[in-house]
There are 2 protein chains.
Amino acid sequence: MTGRDLSLRRFSGYAMKRAFNQVQADLNATLAPHGLRLVTFSALCLIDENKGLKQSELAQILGVERPNMVLIVDELDSADLIVRDRSTEDRRAYELRLTEQGEKVLAAASAAAQGHDARMTAGITDDVRETLVTALWRIEANGRQRD
Amino acid sequence: MTGRDLSLRRFSGYAMKRAFNQVQADLNATLAPHGLRLVTFSALCLIDENKGLKQSELAQILGVERPNMVLIVDELDSADLIVRDRSTEDRRAYELRLTEQGEKVLAAASAAAQGHDARMTAGITDDVRETLVTALWRIEANGRQRD
DNA sequence: TATAATTGTTATAATTTATAACAATATTGG
DNA sequence: CCAATATTGTTATAAATTATAACAATTATA
């Protein structure tokens with residue numbers, strides 16, 4: 001069971017995949033008690049940060065296809081965490097906003113997610129964590145260059 | 001389009017997800033000309049590194065369910081990159097080995113994947129890359145602790 | 001030796017991600 | 001202004017990924 005994957009460990013992407021698998025599992029478990037999963041939590045954060053955000057903008061930021069975003073927003077809507085307000089400027093579009101309930105759930109879920117992040121990065125110093133995140137965004141930018 | 005996701009950038013997992021999305025896309029594009037994708041390339045590497053590896057072991061290392069591994073190994077088998085040899089010690093199991101063709105394809109694909117990794121980590125110094133990978137494995141270990 | 005566990009497999013379900021088409025509305029070029 | 005084109009949210013659907021249940025053959029265990 002030990003060290004049978006040395007050939008893959010040369011690739012930084014392998015470490016990223018393995019680490020992110022754990023992060024995703026732990027975060028989903030952390031959010032489940034709040035009725036959220038990774039993608040709905042992310043959507044809640046973005047709607048809170050950008051009041052009146054439109055579905056298509058949300059989809060674009062999260063890299064989700066618009067048809068799939070419909071279901072995600074439906075899920076938040078059904079749980080009364082957000083509302084879809086018709087835009088007065090563009091009557092095709094909806095402006096998304098958190099409900100009072102949505103604010104409460106987001107606050108609780110955010111605190112839990114912070115705890116999750118702290119657990120996952122336990123034993124990593126603040127400046128190494130800073131280096132890590134900076135390097136990851138650099139990789140992301142390198143990838144975005146060619147599409 | 002810019003900076004609408006500040007609330008999510010506090011989470012290191014967000015950077016990991018965004019970066020890995022790019023890595024996965026670029027790596028799959030890199031491997032496609034060799035008839036491979038991320039998971040079949042990983043399997044090839046592991047079979048090469050561990051001659052006679054069994055399907056169930058491969059599945060366990062890669063974190064894939066055994067029924068799904070059947071299809072992955074089928075894919076490599078159909079492409080004549082590996083063979084399934086009946087184990088003499090355990091006649092339920094197959095021992096997996098690369099064919100000559102498999103060795104050739106793996107060598108070419110590995111070189112391409114190395115290039116991919118270099119592209120993705122361009123602008124990152126060697127010791128920062130080292131810090132990055134070490135931190136990622138630490139996160140992975142932290143996650144594994146609680147399951 | 002009887003019972004239980006493991007290996008590879010099939011079938012199937014659940015989940016996620018992607019594509020095509022459509023009505024309503026908005027934008028743009030003539 | 002008007003005709004053509006594009007965009008928004010949506011439905012339907014397909015493709016791809018991931019997970020679960022059951023089974024025969026074989027091995028391990030009690």
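Only a predicted model underlies this, so the values are computations on that prediction, with no experimental measurement involved. The analysis underlying the following values was restricted to heavy atoms, covering all of them including side chains, and did not include hydrogens, waters or symmetry mates.
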Student: Of all the heavy-atom pairs spanning B:Phe20 and A:Met16, show the shortest one and how long it is.
Tutor: N-CE, 3.4 Å
Student: Tell me every residue that passes side chain to side chain contact (heavy atoms under 4.5 Å, CB included) with A:Glu130, counting only those two or more places apart in sequence or in another chain.
Tutor: A:Thr134
Student: Which atoms form the tightest heavy-atom contact between A:Gly13 and B:Val23, and what is the distance?
Tutor: CA-CG1, 4.0 Å
Student: Is any side-chain nitrogen or oxygen of A:Arg84 closer than 4.0 Å to OP1 or OP2 of D:dT8?
Tutor: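 No, because none of the side-chain N or O atoms of A:Arg84 sits under 4.0 Å from OP1 or OP2 of D:dT8.
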Student: Out of A:Ile47, A:Asp77, A:Leu44, which residue meets the side-chain contact (heavy atoms from CB on, under 4.5 Å) rule with A:Leu96?
Tutor: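 Of the listed options, the one satisfying the test is A:Ile47.
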Student: Per the salt bridge (charged side-chain N to carboxylate O under 4.0 Å, His left out) rule, what does the pair list look like for residues 134-143 of chain A, sequence neighbours excluded?
Tutor: A:Glu140-A:Arg144
Student: Please list, in numerical order, the residues of residues 32-50 of chain A that have a heavy atom closer than 4.0 Å to any atom of DNA chain C.
Tutor: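 Heavy-atom contacts with DNA chain C come from A:Arg37.
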Student: If you fit an axis to the five pairs at each end of the helix from C:dT1-D:dA30 to C:dG30-D:dC1, how big is the angle between those two axes, to 10 degrees?
Tutor: 30°
Student: May I ask you to evaluate whether A:Ser56 reaches the phosphate of D:dG9, defined as a side-chain N or O under 4.0 Å from OP1 or OP2?
Tutor: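 Yes, within the criterion.
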Student: Listed by chain and number, what are the side chain to side chain contact (heavy atoms under 4.5 Å, CB included) partners of B:Glu57, not counting sequence neighbours?
Tutor: A:Arg4, B:Leu53, B:Lys54
Student: Whole angstrom is fine here: how far is it from CG in B:Asn21 over to C1' in C:dT17?
Tutor: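 About 12 Å, once rounded to whole Å.
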Student: Using whole Å, what does the distance between atom C1' of nucleotide D:dT8 and atom CD of A:Glu65 come to?
Tutor: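 To the nearest whole Å, that distance equals 14 Å.
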Student: Taking A:Glu75 first and then A:Arg37, would you say they form a salt bridge - that is, a charged N and a carboxylate O separated by under 4.0 Å?
Tutor: yes
Student: Roughly how many Å is it from CG in B:Asp85 to C1' in C:dG8, rounded to a whole number?
Tutor: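 My rounded result for the distance is 15 Å.
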Student: I need the NZ-C1' distance between B:Lys54 and C:dT6, as an integer number of Å.
Tutor: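 After rounding, the reported distance stands at 10 Å.
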Student: Over how many whole Å does the gap from B:Arg66 atom CZ to D:dA21 atom P extend?
Tutor: 13 Å
Student: Just to verify, what does B:Asp80 make a salt bridge (charged side-chain N to carboxylate O under 4.0 Å, His left out) with, not counting sequence neighbours?
Tutor: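 For B:Asp80 there are no salt bridge (charged side-chain N to carboxylate O under 4.0 Å, His left out) partners, ignoring immediate neighbours.
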Student: To the nearest Å, how far apart are A:Gln60 CD and D:dG9 C1'?
Tutor: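 From A:Gln60 CD to D:dG9 C1': 16 Å.
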Student: Would you tabulate the side-chain donor-acceptor contacts of residues 119-126 of chain A under 3.5 Å, counting partners in other chains and residues two or more places apart, or write 'none'?
Tutor:
unit_1	atom_1	unit_2	atom_2	d
A:Arg119	NH2	A:Asp26	OD2	2.9
A:Arg119	NH2	A:Thr30	OG1	3.1
A:Thr121	OG1	A:Asp117	O	2.8
A:Thr125	OG1	A:Asp127	OD1	2.8
A:Thr125	OG1	A:Val128	N	3.3

Student: Take atom CZ in B:Arg66; do more than 12 heavy atoms of anything else shown fall under 6.0 Å from it?
Tutor: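 No - once you tally the heavy atoms of other residues, nucleotides and ligands closer than 6.0 Å, there are 12 at most.
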Student: Kindly write out the residues that satisfy salt bridge (charged side-chain N to carboxylate O under 4.0 Å, His left out) with B:Arg9, not counting sequence neighbours, or none if the list is empty.
Tutor: B:Asp5
Student: Below 3.5 Å is the cut-off: list the nitrogen or oxygen pairs between protein and nucleotides 12-14 of chain D, distance only.
Tutor:
none

Student: Return the 5'-most residue of the pair B:Val64, A:Val73 with respect to DNA chain D, ranking by each residue's nearest nucleotide.
Tutor: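 The answer here is A:Val73.
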Student: Round to a whole Å and report the spacing from CE of A:Met69 to P of D:dG9.
Tutor: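 That distance rounds to 10 Å.
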Student: Considering residues at least two apart in sequence or located in another chain, which fulfil the side chain to side chain contact (heavy atoms under 4.5 Å, CB included) criterion with B:Ser42?
Tutor: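 Side chain to side chain contact (heavy atoms under 4.5 Å, CB included) check on B:Ser42 returns A:Leu8, B:Leu38, B:Leu62.
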Student: Round to a whole Å and report the spacing from CD1 of A:Ile72 to P of C:dA18.
Tutor: 11 Å
Student: Would a 4.5 Å heavy-atom cut-off, applied to side chains only, mark A:His34 and A:Phe41 as touching?
Tutor: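 The answer is no; the side chains never approach within 4.5 Å.
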Student: Report each atom pair, protein N/O against N/O of nucleotides 25-27 of chain C, whose distance is under 3.5 angstrom.
Tutor:
unit_1	atom_1	unit_2	atom_2	d
C:dT25	O2	A:Arg92	NH1	3.3
C:dA26	OP1	A:Arg91	N	2.8

Student: Output all residues satisfying side chain to side chain contact (heavy atoms under 4.5 Å, CB included) with B:Asn68, sequence neighbours left out; order by chain, then residue number.
Tutor: B:Val64, B:Glu65
